[in-house]
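These notes are about the structure you will find just below.
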Protein chains: 2
Amino acid sequence: MARDTRERIVAVARDLVHGASLAAVSTEDVCRAAGVHKGSLYHFFASKQALGGAVLEHNWAMMSAVLEEAFADDLPPLARVDRFVDSFARMLTLMRDRFGTTPGCPLGSLAAEFAMHGDDARAQAIRLLQAWKAYFSTAISEAKGRGEVASTVDAETAATRALAHLQGLALLAKAMDDPGLVLQAKTDIRLLLQAPR
Amino acid sequence: MARDTRERIVAVARDLVHGASLAAVSTEDVCRAAGVHKGSLYHFFASKQALGGAVLEHNWAMMSAVLEEAFADDLPPLARVDRFVDSFARMLTLMRDRFGTTPGCPLGSLAAEFAMHGDDARAQAIRLLQAWKAYFSTAISEAKGRGEVASTVDAETAATRALAHLQGLALLAKAMDDPGLVLQAKTDIRLLLQAPR
DNA sequence: CGGTTAGTTGACCGATCAGTCAACAGCGGA
DNA sequence: TCCGCTGTTGACTGATCGGTCAACTAACCG
C-alpha cells in the first residue's frame with residue numbers, strides 16, 4: 001500500500017503538471033486527483049518542491065526507458081537518433097491525446113522551471129539533461145568511428161546542439177500544439193552533425 | 001499619470017516574471033513592487049491573464065527593437081543573423097546580471113506557458129513567434145538570392161529550424177544559468193542553413 | 001499475544017490568492 | 001462653476017494555498 005500510494009501521488013502529479021508548470025498545480029489538486037489526504041502527501045514528501053523533484057525523476061525514468069530502447073545497438077548510430085526522435089514525437093502525441101494539449105519536453109520544461117528554485121533543484125535538472133546528452137554523444141562518437149560523421153566534429157559539442165534543437169522544437173510544438181513539429185529534428189540533426197566549414 | 005501607472009505595472013510584472021512563470025507571481029507581488037493598489041491593477045487589466053498578455057506584448061516590443069536593429073540591411077543577410085544572436089545573448093546576460101538568474105527566452109517561455117490558457121492566449125503567442133520567424137525567413141531568402149544559401153533550401157523551413165534552435169539554446173541557458181550558451185547559435189544556424197544531402 | 005512502526009485520516013492553521021467594490025481625487029471641457 | 005470621467009484608494013471577500021498535527025489503523029515482528 002505504501003509504495004503504491006507514493007507512486008500514485010507522483011503519477012497523478014505528473015499528469016496534472018503535464019504541460020503546465022508545477023507552480024500552476026496545487027497540492028490539493030494532486031491529493032484530490034489521487035484520492036489521498038494532505039497528510040499522506042506530506043508523509044512521503046517534505047515539501048511541494050520535493051514532490052516536484054520526484055515528478056522530474058519520474059519523467060526521467062520514462063525518458064530513460066525510451067532512450068535505452070531507441071539507442072540500442074541493433075541499428076547504426078545515426079539511425080538510432082532517428083528512432084529516438086520518432087519515439088519522442090510519439091510520446092508527445094500520446095500525451096496530447098490523453099490530456100488535450102501538447103506538453104513540452106517532460107524534462108526540459110521542468111528543468112527550466114526548477115533551475116531557479118535553489119541549487120539542488122538546478123543540480124538535479126542539469127544532471128538529467130547531461131545524462132540525456134550522453135546518449136547523443138555516445139552515438140555521435142560511434143558514428144565518427146564509422147566515418148558517418150566527420151572526425152573534426154566534437155561529439156560533446158554536437159550532442160549539445162542536438163539536445164538544444166530537440167528542446168526548442170518541443171517548446172514550439174507545445175506553443176503551436178503540434179507534436180509533429182519535432183519530427184523534423186531527424187533532418188535537422190543530420191545538418192547539425194556536419195563539420196562546420 | 002495614467003499611461004505611466006499602466007506601464008509601471010507591466011514593467012514590474014515583467015521583472016518579477018523574468019524567468020519564472022506567470023503562475024509563480026501573484027498580483028499582490030506586482031502591486032507591492034509597483035507601489036500600486038489592487039484596484040488600480042484591475043482598473044487597467046481585466047484579469048491576471050490579461051496582465052500576462054500585456055507582459056508578453058511588452059517583451060515583444062523589446063525583442064522587436066532588437067530584431068529591427070540587428071536585421072538592418074547595412075550588413076549581408078547572414079551577418080545580420082550573427083548580429084542578432086550576439087544581441088540576444090547580450091540581452092540574456094544583462095537580465096542575468098540584473099536579476100541573478102538567467103531567464104529563458106522572454107517570448108518563448110511565456111508563449112509556452114500561455115499556450116494552454118485558452119485560444120486567444122495561444123493565438124497571441126503564435127502570432128509573435130511567427131513575427132519573429134519572419135525576420136529569419138526574410139534574411140534567408142535574401143541570402144538565397146545572393147547565393148550564400150543554396151537555392152534548394154526552403155526559407156520558411158529553415159527559419160523554423162533557426163528559431164527552434166535558438167529557443168532550445170535559451171532553455172538550456174536558463175537551466176544551466178549560462179547565457180553564453182546561446183552564442184553557439186551562430187555556428188549552429190550556419191549548419192542548419194545548408195541544403196540537406 | 002503485545003509492541004512497534006509505517007501509513008492514513010480529517011480537521012485545522014495562518015497566509016495568501018485573484019478579484020470586487022464603494023468612495024474619492026483631480027482634471028478637462030462646457 | 002459644475003459635470004463627468006479617468007484614475008486611485010483601501011478595505012474587503014470567499015476560496016485556496018502550502019503545510020501541520022494528533023489521533024487512528026493495520027500490518028509485521030518477536
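Within every chain, numbering begins at 1; the chains are lettered A, B, ... in the order of the sequence lines, protein sequences first and strands thereafter.
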Can you find a side chain N or O atom of T27(A) that sits less than 4.0 Å from OP1 or OP2 on dC17(D)? no

Whole angstroms only, please: what is the NE2-C1' distance between H43(B) and dA25(C)? 13 Å

Whether S26(B) contacts dT16(C) is assessed here as follows: a side-chain N or O lying under 4.0 Å from the phosphate OP1 or OP2. Is that the case? no

For Y135(A), check ring pair (Phe, Tyr, Trp, His ring centres under 6.0 Å) against everything at least two apart and list the hits. F71(A)

Return whichever of L22(A) or G39(A) has its heavy-atom-nearest nucleotide of DNA chain D closer to the 5' end. L22(A)

Residues forming a side-chain contact (heavy atoms from CB on, under 4.5 Å) with D29(A), sequence neighbours excluded: L16(A), V25(A), S26(A), R32(A)

Could you check how far OH of Y42(B) sits from C1' of dG10(D), rounded to whole Å? 16 Å

Starting at CG of D29(B) and ending at P of dA15(C), how long is that distance when rounded to a whole Å? 16 Å

Under a 4.0 Å N-O cut-off, is there an ion pair linking R161(A) with D188(B)? yes

Rounded to whole Å, the NZ-P distance (K38(B) to dA22(C)) equals 17 Å

Using a 4.0 Å heavy-atom cut-off, does S40(A) contact any base of the nucleic acid, only the sugar-phosphate backbone, or nothing at all? base

For K48(A), enumerate each residue passing the salt bridge (Lys or Arg N to Asp or Glu O under 4.0 Å) test, keeping only those at least two apart in sequence or located in another chain. none

In whole angstrom, give the distance that lies between atom NE2 of H37(B) and atom P of dC12(D). 14 Å

Can you pull out every side-chain hydrogen bond (donor to acceptor under 3.5 Å, both in side chains) where at least one residue sits in residues 114-126 of chain B? Sequence neighbours excluded, please. E57(B)-Q124(B)

Please lay out, stage by stage, how D74(A) and R80(A) fare under the test salt bridge (Lys or Arg N to Asp or Glu O under 4.0 Å). CA-CA 9 Å; D74(A) 59 327; R80(A) 296 174 213 161; 6.0 Å; no

Heavy atoms only, 4.0 Å cut-off, all strands: where does V30(B) land among base, sugar-phosphate and nothing? nothing

Nearest-nucleotide pick for F44(B), side chain only, options being dC17(C), dG7(D), dT8(C): dG7(D)

Using whole Å, what does the distance between atom P of nucleotide dG7(C) and atom CD1 of I9(A) come to? 11 Å

What parts of residues 45-55 of chain B reach DNA chain C, counting only heavy atoms under 4.0 Å away? S47(B), K48(B)

Report the distance from atom CD of E28(B) to atom C1' of dG10(D), rounded to the nearest whole Å. 13 Å

Got a sec, which residues hit ring pair (Phe, Tyr, Trp, His ring centres under 6.0 Å) with H18(A), two or more places apart in sequence or on another chain? F99(A)

